[in-house]
Participant: 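Below are the structure tokens for one structure; questions will follow.
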Amino acid sequence: MTEPFPGQVERRLTTCPYCLNQLDWFDFGEVPLVKETPSGPEVLTPGPDESETHYRHRTLGAMRLCRGNGEPHLLPADYGYMEPLVIGLVGDSAAGKTHLLTAMIAQLERSRPLIGRELRIGPLDGRMRQRFYDERVTPFLVRHEVLGGTRPGRPEFAYALRVQSRQTGRTHAVGFFDVPGEHYRRFSYDDTPFMSAADAVIYVADGSRLRSGDGWRDWVPDPGFTHAIEQLERTRATGNGGLPPAVIVVAKSDMLDGLDDDATVTDWLRRRDESHLNDLRSVLVETVDAGAFLKRHGAGHWLDPMESGSQVTIHFASASGVSKPREDATEFPDEGFGPKRVLRPLLSLFSMAGLLPKIDMEQPEVSMDDPQSFY
Ligand SMILES: Nc1nc2c(ncn2[C@@H]2O[C@H](COP(=O)(O)OP(=O)(O)OP(=O)(O)O)[C@@H](O)[C@H]2O)c(=O)[nH]1
Ligand SMILES: [Mg+2]
Ligand SMILES: [Zn+2]
């Protein structure tokens with residue numbers, strides 16, 4: 001059973017996104033195919049007289065086992081046959097990472113008309129999809145419940161997609177890591193190994209923290225980005241300089257509507273700019289607008305990822321579209337509920353990572369190359 005996956009890349013070694021060991025995906029002795037059973041993973045091998053059809057049937061829903069360094073873990077069966085795009089979500093506790101990712105995935109999987117010919121998207125692992133929908137998408141987007149904080153544990157894909165890109169002509173395994181923000185606050189690198197292999201980053205900052213009023217402007221909290229920037233810088237092979245492409249998302253932007261009579265966010269949130277790929281043409285203008293907005297509201301340090309030499313765009317987004325009535329509420333109000341502009345950051349990231357065609361951007365009036373005017 002060494003049959004390649006259609007659209008696979010021509011290479012044999014893949015980096016395990018969980019333990020960072022190099023794996024030869026074609027070596028079923030090294031990375032066995034397993035099925036989970038109540039007594040643990042059972043290794044699957046073809047029986048001596050077994051028909052190929054029967055064996056294939058038996059392997060439906062199977063996973064691959066990475067032995068790690070004595071801590072075995074399971075990976076989606078096709079992962080190593082595709083070109084990986086490992087995406088890390090970065091940001092402090094309660095920044096809004098999990099709600100944002102949930103809304104992003106749900107929007108992406110429903111956005112056929114928008115990305116139709118450019119990307120073909122499906123889940124990489126059916127059971128992972130079922131879990132994600134049962135535990136996140138349905139409670140949040142159907143029942144409008146507030147999701148709990150992410151629990152600590154071995155960092156594994158929160159979700160993974162199989163993305164066929166017209167632009168690259170290949171199939172990509174796109175995996176998202178969403179860990180508790182406390183890891184980024186404590187600089188605990190052992191809890192974020194995936195950032196050492198990340199191909200793209202979604203930095204999430206809590207927009208509602210800008211609402212603190214004049215006296216506190218200088219004390220807008222640290223968004224927890226430094227940990228990730230340091231880790232990326234120290235683990236990249238030196239030489240080509242730049243860090244992977246990234247987006248900075250100002251989450252919970254619904255709470256910034258009309259902040260201090262500043263109409264910037266209101267204007268962007270009002271736009272219906274997620275119905276066509278051409279809408280991405282305004283991303284650079286939004287980046288400059290949002291960068292200047294953050295500076296005006298004391299959050300210039302949220303722009304640190306831009307200093308790292310990677311391509312970065314900045315976005316206003318809201319996963320729920322509305323605020324909870326009270327801090328301790330367990331549900332969002334139904335009135336006005338709905339994700340706003342959550343897909344743009346992801347599509348911008350896909351474009352920077354090469355999965356979508358490069359966007360012919362509208363040029364902002366203020367040049368990003370002119371630090372005096374931007375910062
Ligand atoms: N107004 C508003 N509130 C939001 C939005 N998204 C999340 N929240 C609130 O912010 C809280 C934290 O959101 P999470 O998505 O759990 O944050 P997180 O970054 O995943 O947090 P950790 O898992 O602890 O790192 C939620 O409990 C919601 O109350 C949004 O789009 N708008
Ligand atoms: Mg979370
Ligand atoms: Zn591993």
Participant: For Ser348 and Thr313, which I'm curious about, is there any donor-acceptor pair between the side chains at under 3.5 Å?
Facilitator: yes
Participant: Charged N to carboxylate O below 4.0 Å: is that the case for Glu71 and Arg154?
Facilitator: yes
Participant: Measure up the Phe293 and His297 rings against each other and bin them: parallel (under 30°), tilted (30 to 60°), perpendicular (over 60°).
Facilitator: tilted
Participant: Count the heavy atoms belonging to other residues, nucleotides or ligands that lie under 6.0 Å from CD of Glu335, then report whether that count exceeds 12.
Facilitator: no
Participant: Are Phe177 and Phe157, when compared by the centres of their aromatic rings, separated by less than 6.0 Å?
Facilitator: yes
Participant: I would like to know whether Phe187 and Thr226 meet side chain to side chain contact (heavy atoms under 4.5 Å, CB included); could you show each step before the answer?
Facilitator: CA-CA 9 Å; Phe187 287 80; Thr226 315; 4.0 Å; yes
Participant: Same cluster for Leu65 and Leu124 if Ile/Leu/Val/Met/Phe/Trp/Tyr side chains link at under 4.5 Å?
Facilitator: no
Participant: Between Arg131 and Asp134 (salt bridge meaning N to carboxylate O under 4.0 Å), is one present in this structure?
Facilitator: no
Participant: Between Asp267 and Thr264, is there a donor-acceptor pair closer than 3.5 Å when you use the side chain of the first and the backbone of the second?
Facilitator: no
Participant: Please examine the side chains of Asp92 and Asp206, heavy atoms only from C-beta on, and report whether any two atoms are closer than 4.5 Å.
Facilitator: no
Participant: Inspect the surroundings of CZ in Arg120 and state if more than 12 heavy atoms from other residues, nucleotides or ligands are less than 6.0 Å away.
Facilitator: no
Participant: Could you check whether Arg127 makes a cation-pi contact with Phe132, meaning its NZ or CZ is under 6.0 Å from the centre of the six-membered ring and within 45° of the ring axis?
Facilitator: no
Participant: Could you walk me through whether Ser310 and Arg236 pass the side-chain hydrogen bond (donor to acceptor under 3.5 Å, both in side chains) check?
Facilitator: CA-CA 12 Å; Ser310 54; Arg236 293 305 104 164; over 6 Å; no
Participant: Got a sec: does the CG of Asp190 have more than 12 other heavy atoms crowding it under 6.0 Å?
Facilitator: no
Participant: Does the side chain to side chain contact (heavy atoms under 4.5 Å, CB included) test come out yes or no for Phe194 and Ile87, once each step is laid out?
Facilitator: CA-CA 8 Å; Phe194 57 89; Ile87 302 180; over 6 Å; no
Participant: Go through the steps to decide whether Phe26 and Tyr81 satisfy the test ring pair (Phe, Tyr, Trp, His ring centres under 6.0 Å), and finish with yes or no.
Facilitator: CA-CA 9 Å; Phe26 288 74; Tyr81 292 133; 5.4 Å; yes
Participant: Closer than 4.0 angstrom, basic N to acidic O: yes or no for Arg129 and Glu109?
Facilitator: yes
Participant: Is there a side-chain hydrogen bond (donor to acceptor under 3.5 Å, both in side chains) between Ser196 and Gln231 once you walk through the steps?
Facilitator: CA-CA 6 Å; Ser196 297; Gln231 187 175 355; 2.9 Å; yes
Participant: Donor-acceptor pair, Glu30 side chain versus Asp24 backbone, under 3.5 Å?
Facilitator: yes
Participant: Same cluster or not: are Leu101 and Ile121 linked, directly or through other Ile, Leu, Val, Met, Phe, Trp or Tyr residues, by side-chain heavy atoms under 4.5 angstrom apart?
Facilitator: yes
Participant: Answer yes or no: is there a donor N or O on one side and an acceptor on the other, between the side chain of Thr59 and the main chain of Ala62, under 3.5 Å?
Facilitator: no
Participant: Begin from the C-alpha positions of Met352 and Gln311 and carry the test side chain to side chain contact (heavy atoms under 4.5 Å, CB included) through to its verdict.
Facilitator: CA-CA 7 Å; Met352 291 187 280; Gln311 259 188 296; 3.6 Å; yes
Participant: Below 30° counts as parallel, above 60° as perpendicular, anything between as tilted: where do the rings of Phe337 and His144 land?
Facilitator: parallel
Participant: Hey, is the main chain of Met195 close enough, under 3.5 Å, to the side chain of Thr192 for a donor-acceptor pair?
Facilitator: no
Participant: Using a 3.5 Å distance criterion without hydrogens, assess whether the side chain of Arg64 forms a donor-acceptor pair with backbone atoms of Val31.
Facilitator: yes
Participant: Do any N or O atoms from the side chain of Arg281 and from the backbone of Glu362 form a donor-acceptor pair under 3.5 angstrom?
Facilitator: no
Participant: side-chain hydrogen bond (donor to acceptor under 3.5 Å, both in side chains) for Glu118 and Ser165? Distances and angles first, verdict last.
Facilitator: CA-CA 6 Å; Glu118 294 297 337; Ser165 156; over 6 Å; no
Participant: Determine whether a donor-acceptor pair (N or O, by modelled atom type, separation under 3.5 Å) exists between the side chain of Lys295 and the backbone of Ala290.
Facilitator: no
Participant: Under the criterion ring pair (Phe, Tyr, Trp, His ring centres under 6.0 Å), I'd like the reasoning laid out for His183 against Tyr189: C-alpha separation, chi angles, the key distance, then a yes or no.
Facilitator: CA-CA 8 Å; His183 294 336; Tyr189 293 110; over 10 Å; no
Participant: Could you walk me through whether Leu75 and Cys16 pass side chain to side chain contact (heavy atoms under 4.5 Å, CB included), step by step?
Facilitator: CA-CA 8 Å; Leu75 293 164; Cys16 173; 3.9 Å; yes
Participant: Using a strict 4.0 Å threshold on nitrogen-to-oxygen distance, state whether Lys340 and Asp254 make a salt bridge.
Facilitator: no
Participant: Taking the basic N atoms (NZ, or NE/NH1/NH2) and the acidic carboxylate oxygens, is any pair closer than 4.0 Å for Arg341 and Glu286?
Facilitator: yes
Participant: Using a 6.0 Å cut-off, check whether atom CZ of Arg143 has over 12 heavy atoms from anything other than its own residue.
Facilitator: yes
Participant: Do you reckon Leu20 sits in the same ILVMFWY cluster as Leu23, going by side-chain contacts under 4.5 Å, direct or chained?
Facilitator: no
Participant: For Lys252 and Met255, indicate whether the former's side chain and the latter's backbone hold a donor-acceptor pair under 3.5 Å.
Facilitator: no
Participant: Taking 4.0 angstrom as the limit, do Arg170 and Glu83 come out as a salt bridge?
Facilitator: yes
